[in-house]
There are 2 protein chains.
Amino acid sequence: MSQGDAGIDLNTSLGYLLKEASSALRVAMEEVLRPLGMGVTHYACLELLAQRPGLSNSELARGAFVTRQTMNVLLQNLEREGYVTRPAEAPVGKALPARLTPSGRRSLDQATAAVRSVEVRMLSGMTEAERSAAFHALKSMILSLASPPTPPPPPADRG
Amino acid sequence: MSQGDAGIDLNTSLGYLLKEASSALRVAMEEVLRPLGMGVTHYACLELLAQRPGLSNSELARGAFVTRQTMNVLLQNLEREGYVTRPAEAPVGKALPARLTPSGRRSLDQATAAVRSVEVRMLSGMTEAERSAAFHALKSMILSLASPPTPPPPPADRG
DNA sequence: CAACCTATGTCAGAATCCTGACATGAGTCA
DNA sequence: TGACTCATGTCAGGATTCTGACATAGGTTG
């Protein structure tokens with residue numbers, strides 16, 4: 001244990017820090033959403049629908065970082081409780097465009113206020129320059145992590 | 001819907017970006033750890049034990065961002081499979097200091113190599129200045145989100 | 001010392017999310 | 001037109017994590 005090959009130093013690892021920050025944010029959000037009987041995925045779904053009405057189940061799932069199966073059961077609950085509506089038949093393909101009902105909009109408004117307070121607190125200790133730097137750094141990370149999990153197989157010109 | 005009170009703009013929200021980056025990192029790690037039959041929490045536990053031998057179940061749980069109960073079942077499995085050891089009795093209090101066995105160390109070495117490739121990829125598109133900026137920004141966020149969930153009740157000097 | 005508070009390990013049950021699988025609708029290509 | 005590929009919605013089962021609860025060890029305060 002005296003060299004640089006012993007592991008990944010968690011004290012200086014951006015990945016670990018990323019997980020820590022994300023965990024703290026999730027905990028803080030759950031804390032303010034709990035009194036509203038809402039979870040993070042639940043809130044994300046509503047917020048996505050407010051900003052982009054007509055999103056399909058699969059699109060909502062991608063936006064909330066869960067699988068379409070998970071989002072599907074959530075949507076079924078929200079539909080049954082009258083927070084969102086979906087047409088009985090797909091206007092095109094199989095995708096059912098979902099929309100917020102007035103009730104869903106009201107529910108979202110409460111949640112947005114709660115979540116906004118968390119985001120304000122999170123940003124409170126940062127300068128504008130730091131926020132901008134963090135924004136671009138996170139964008140870079142996401143881009144670098146996207147797609148190339150399996151390096152493209154060799155063109156295989158042999159044989 | 002024409003002003004700034006309509007919601008939280010997910011396109012410019014640092015919180016949303018944080019979740020997106022964290023999700024991408026988690027997916028990438030799971031992808032490289034799957035061939036080793038290991039999950040992210042599993043790996044985190046081993047890495048923590050390598051860097052700080054003797055950590056207790058609760059300390060490991062906090063370091064891996066899960067509950068004590070979750071870490072407990074993981075530790076029991078790892079112990080049964082011979083990757084970690086814990087004394088039968090606590091040297092002090094109730095905390096049982098856990099340690100990696102040689103087998104656990106070997107298992108960790110493979111995982112570290114895999115995870116390192118992911119972190120390298122994540123950092124590949126960032127300059128050193130950007131990494132430093134991201135590091136400090138994340139630290140700020142974590143600090144701001146820590147603790148003050150329930151603002152301290154007013155000292156109540158009335159009455 | 002006794003009462004209290006906090007932290008820990010552990011068990012049991014429940015909630016959450018995911019993987020696997022199937023059928024349908026649309027686009028592509030020959 | 002028919003075969004192929006891809007994306008979608010949905011159901012069923014399983015894996016993972018969390019919440020609730022209990023007993024114990026140690027420190028603190030009166």
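Everything quoted here is computed from the prediction, not taken from an experiment. Values below: all heavy atoms of this structure, side chains included; hydrogens, waters and symmetry mates excluded.
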- prompt: Which salt bridge (Lys or Arg N to Asp or Glu O under 4.0 Å) pairs, counting each pair once, include a residue from residues 16-29 of chain A, with sequence neighbours left out?
  reply: R26(A)-E30(A)
- prompt: Among pairs that include at least one residue of residues 66-85 of chain A, which meet salt bridge (Lys or Arg N to Asp or Glu O under 4.0 Å), considering only residues two or more places apart or in two chains?
  reply: E79(A)-R86(A)
May I have the distance from [X] (atom [atom1]) to [N] (atom [atom2]), rounded to whole angstrom?
X	N	atom1	atom2	answer
L96(A)	dA7(D)	CG	P	18 Å
E59(A)	dG9(D)	CD	P	8 Å
L75(B)	dT10(C)	CG	P	9 Å
E89(B)	dT24(D)	CD	P	14 Å

Counting only side-chain nitrogens and oxygens, does [X] get under 4.0 Å of the OP1 or OP2 atom of [N]?
X	N	value
Q76(A)	dG9(D)	no
R86(A)	dT8(D)	no
N57(A)	dT8(D)	no

message: At under 4.0 Å between heavy atoms, how does the protein contact nucleotides 13-23 of chain C? Give one character per nucleotide, 5' to 3', with B, S or -.
response: ----SBBBB-B
- request: Work out which heavy atom in C45(B) is nearest to a heavy atom in L74(B); give both atom names and the distance.
  value: CB-CD2, 4.0 Å
Given DNA chain C, 5'-ward residue of the pair N72(B) and V92(A), judged by closest heavy atom: N72(B)
query: Any donor-acceptor pair under 3.5 Å linking the side chain of S124(B) with the backbone of R121(B)?
result: yes
message: I'd like to check the side-chain contact (heavy atoms from CB on, under 4.5 Å) partners of K94(A); sequence neighbours left out, ordered by chain and number.
response: none
field: With sequence neighbours excluded, residues passing side-chain contact (heavy atoms from CB on, under 4.5 Å) with R99(B)
entry: P53(B), T85(B)
- prompt: Under 4.5 Å between any side-chain heavy atoms of Q76(A) and N72(A), yes or no?
  reply: yes
- request: Please indicate whether Y43(A) has more than 12 foreign heavy atoms, meaning atoms of other residues, nucleotides or ligands, lying under 6.0 Å from its OH.
  value: yes
statement: Between L46(A) and the options L78(A), T41(A), T112(A), L60(A), the side chain to side chain contact (heavy atoms under 4.5 Å, CB included) test singles out L78(A)
message: Using C1' atoms of five pairs at each end, report the bend of the helix from dC1(C)-dG30(D) to dA30(C)-dT1(D) rounded to 10 degrees.
response: 40°
